[in-house]
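Just below is one structure, and these are the notes that go with it.
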Number of protein chains: 2
Amino acid sequence: MPMSRGFGPMWWHGRFRGCGYRVTVPREAILDMLSKSDKHLSAEDIYMKVHTRYPAIGLTTIYRTLDILANMGLIFKFDFGDGRARYELVEGPKGKMHHHHLICTSCNRIIDYTDFIDDEVELLKRTEKGLLKKYNFKITNHLIQFYGLCEKCQKKGGD
Amino acid sequence: MPMSRGFGPMWWHGRFRGCGYRVTVPREAILDMLSKSDKHLSAEDIYMKVHTRYPAIGLTTIYRTLDILANMGLIFKFDFGDGRARYELVEGPKGKMHHHHLICTSCNRIIDYTDFIDDEVELLKRTEKGLLKKYNFKITNHLIQFYGLCEKCQKKGGD
DNA sequence: ATTGATAATGAAAATCGTTTTCAATAAGGA
DNA sequence: TCCTTATTGAAAACGATTTTCATTATCAAT
Ligand SMILES: [Mn+2]
Ligand SMILES: [Mn+2]
Ligand SMILES: [Zn+2]
Ligand SMILES: [Zn+2]
């Protein structure tokens with residue numbers, strides 16, 4: 001199952017058409033590229049990768065497509081504070097879902113983790129409940145990022 | 001104690017000189033302005049406020065000063081995802097310290113909270129310890145932001 | 001108080017990621 | 001196939017931030 005990841009060929013065609021969007025070469029190329037990467041790619045990263053096979057596809061279309069995909073909930077859009085947005089495929093209910101990030105401040109490596117330790121889930125539930133009571137603030141989403149040093153950079157002497 | 005907040009007049013003069021920085025009118029004006037606000041101000045917000053009293057101070061200097069202040073640890077620099085950085089005074093060990101944010105996705109109101117609910121700090125520590133064990137990642141800092149609807153916007157019907 | 005080295009400044013230009021404009025193209029229902 | 005119109009790519013525009021550079025102001029040494 002090369003570029004469909006077991007969901008059937010072009011499983012997102014239905015989603016696209018259902019939203020009134022047309023299925024185009026650039027959109028297929030971008031989605032296919034994303035499905036083959038597990039990295040946190042910037043628009044330009046994606047542009048360059050796609051460009052090797054489809055030199056005609058412009059950066060503008062990359063941005064427009066990423067915007068649509070993010071709004072459709074097919075990709076996540078993150079901001080790690082380096083001035084450029086980063087994108088990654090959601091991959092549906094089977095694959096990677098909501099997750100948090102460990103960001104190495106030395107080498108900029110980013111580690112996803114979904115296998116939350118029990119304490120973390122507990123922390124979130126209690127915190128959200130407490131904040132609802134204290135501020136009457138209804139939480140719908142959260143962003144949690146831990147900054148520090150990855151294994152390799154600790155050995156190198158931290159920088 | 002009007003513009004010194006009980007730390008003695010110009011308590012940061014020492015910090016500045018200690019870092020080899022000169023004490024200048026723009027720097028005093030910016031720091032004084034920040035000490036009188038409890039908001040999350042953008043560079044341009046700060047520029048406009050400072051500009052009413054000191055029309056000669058340019059936006060470039062605002063950026064340069066904010067950069068220094070952030071590096072010195074006198075102010076926090078945050079990114080709430082609206083494309084512009086936001087700044088707020090740390091206020092030393094007495095006042096506001098490390099805190100988390102509640103961000104209303106409807107009216108963009110931002111609520112600080114430092115009065116963590118019971119166990120929140122404890123749970124965070126345990127989470128960090130767990131992540132250290134699991135990924136051997138040494139956490140030095142974290143960013144936690146909750147998105148949702150503030151009290152007012154819930155009543156208005158949630159956008 | 002005066003001097004002098006140089007850090008700091010402001011205006012303008014440059015940069016950089018992203019968005020908008022617009023004429024040309026291509027998707028897909030008829 | 002034909003036609004409507006969503007989509008496209010190039011170029012220009014955009015907005016926040018940074019850089020450049022000539023001028024000014026700070027402050028340690030006189
Ligand atoms: Mn991720
Ligand atoms: Mn805050
Ligand atoms: Zn690292
Ligand atoms: Zn609100």
Side-chain angles (χ1 to χ4, degrees), chain A residues 10 12-33 40-72 74-75 77-87 108, chain B residues 10 12-33 40-72 74-75 77-87 108:
Chain A
M10 315 306 147
W12 20 272
H13 283 204
R15 292 283 302 271
F16 262 84
R17 310 287 15 271
C19 294
Y21 293 122
R22 294 178 181 174
V23 176
T24 67
V25 172
R27 286 169 185 179
E28 288 191 310
I30 291 166
L31 225 24
D32 182 46
M33 200 261 97
H40 300 80
L41 301 164
S42 68
E44 190 147 18
D45 291 338
I46 294 165
Y47 169 70
M48 289 189 299
K49 290 225 179 200
V50 167
H51 190 264
T52 64
R53 193 184 299 264
Y54 301 90
I57 297 176
L59 182 56
T60 311
T61 297
I62 304 289
Y63 276 110
R64 277 189 292 232
T65 302
L66 290 172
D67 212 43
I68 288 173
L69 295 176
N71 286 332
M72 288 176 67
L74 292 181
I75 61 174
K77 178 180 183 180
F78 281 109
D79 180 357
F80 296 129
D82 64 340
R84 52 188 58 192
R86 309 220 158 238
Y87 304 85
N108 294 314
Chain B
M10 314 307 149
W12 17 273
H13 283 205
R15 292 284 300 272
F16 262 82
R17 308 292 6 276
C19 294
Y21 293 123
R22 295 180 180 175
V23 175
T24 68
V25 171
R27 287 169 184 179
E28 288 192 311
I30 292 167
L31 224 24
D32 183 46
M33 201 262 99
H40 301 78
L41 302 165
S42 68
E44 189 148 16
D45 291 337
I46 295 165
Y47 169 70
M48 288 190 298
K49 290 224 179 201
V50 167
H51 189 265
T52 64
R53 193 185 299 264
Y54 301 90
I57 296 177
L59 181 55
T60 310
T61 297
I62 304 289
Y63 277 108
R64 277 189 290 232
T65 302
L66 290 172
D67 212 44
I68 287 172
L69 294 176
N71 285 332
M72 288 177 65
L74 292 180
I75 62 174
K77 178 180 183 179
F78 280 109
D79 179 357
F80 296 130
D82 64 339
R84 53 186 57 192
R86 308 219 160 240
Y87 304 85
N108 294 315

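Convention: sequence-line order gives letters A, B, ...; per-chain numbering from 1.
Within 4.0 Å of B:Thr24, counting heavy atoms only, lie sugar-phosphate atoms of the nucleic acid but no base atom.
Taking atom CG of A:Leu66 as the reference point, atom P of D:dT7 lies 15 Å away to the nearest angstrom. For the pair A:Ile62 CD1 and C:dC16 P, the computed distance is 20 Å after rounding to whole Å. Following rounding to the nearest Å, B:Arg17 (CZ) and C:dA8 (C1') show an atom-to-atom distance of 12 Å. Rounded to a whole Å, the OH atom of A:Tyr54 is 16 Å from the C1' atom of D:dT8. For the pair A:Ile46 CD1 and C:dT18 C1', the computed distance is 14 Å after rounding to whole Å. A straight line from CG of B:Leu69 to P of C:dA8 spans 12 Å, rounded to a whole angstrom. A:Tyr63 places its OH atom 16 Å from the P atom of D:dT8, with the value rounded to the nearest Å. Across the protein-nucleic acid pair, B:Ile57 atom CD1 and C:dA8 atom C1' stand 12 Å apart, rounded to whole Å.
Between C:dT18, D:dT7, C:dA8, one nucleotide has an atom nearer to the side chain of A:Ala85 than all others, and that is C:dT18. In this structure, the nucleotide among C:dT19, C:dT9, C:dG29 sitting nearest to the side chain of B:Arg64 is C:dT9. Set against C:dT18, C:dA27, D:dT7, the side chain of A:Arg27 has D:dT7 as its closest nucleotide. Between C:dT18, C:dG28, C:dA8, one nucleotide has an atom nearer to the side chain of B:Tyr21 than all others, and that is C:dA8. Counting only heavy atoms from C-beta on, B:Arg22 has its side chain closest to C:dA8 among C:dA27, D:dT8, C:dA8.
A heavy-atom distance below 4.5 Å is found between the side chains of B:Ile46 and B:Leu66. For the pair A:Arg15 and A:Tyr21, the minimum side-chain heavy-atom distance is 4.5 Å or more.
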Side chain to side chain contact (heavy atoms under 4.5 Å, CB included) between B:Ile62 and B:Tyr87, worked out = CA-CA 11 Å; B:Ile62 304 289; B:Tyr87 304 85; over 6 Å; no

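Of the residues near DNA chain C, A:Gly83 and B:Tyr47, the one whose nearest nucleotide (by heavy atom distance) lies more toward the 5' end is B:Tyr47.
In terms of modelled atom types and a separation under 3.5 Å, the side chain of B:Asp45 and the main chain of B:Ser42 share a donor-acceptor contact.
Note on ring orientation: taking the six-membered ring where Trp is involved, the planes of B:Phe78 and B:Phe80 are parallel (angle under 30°, cut-offs 30° and 60°).
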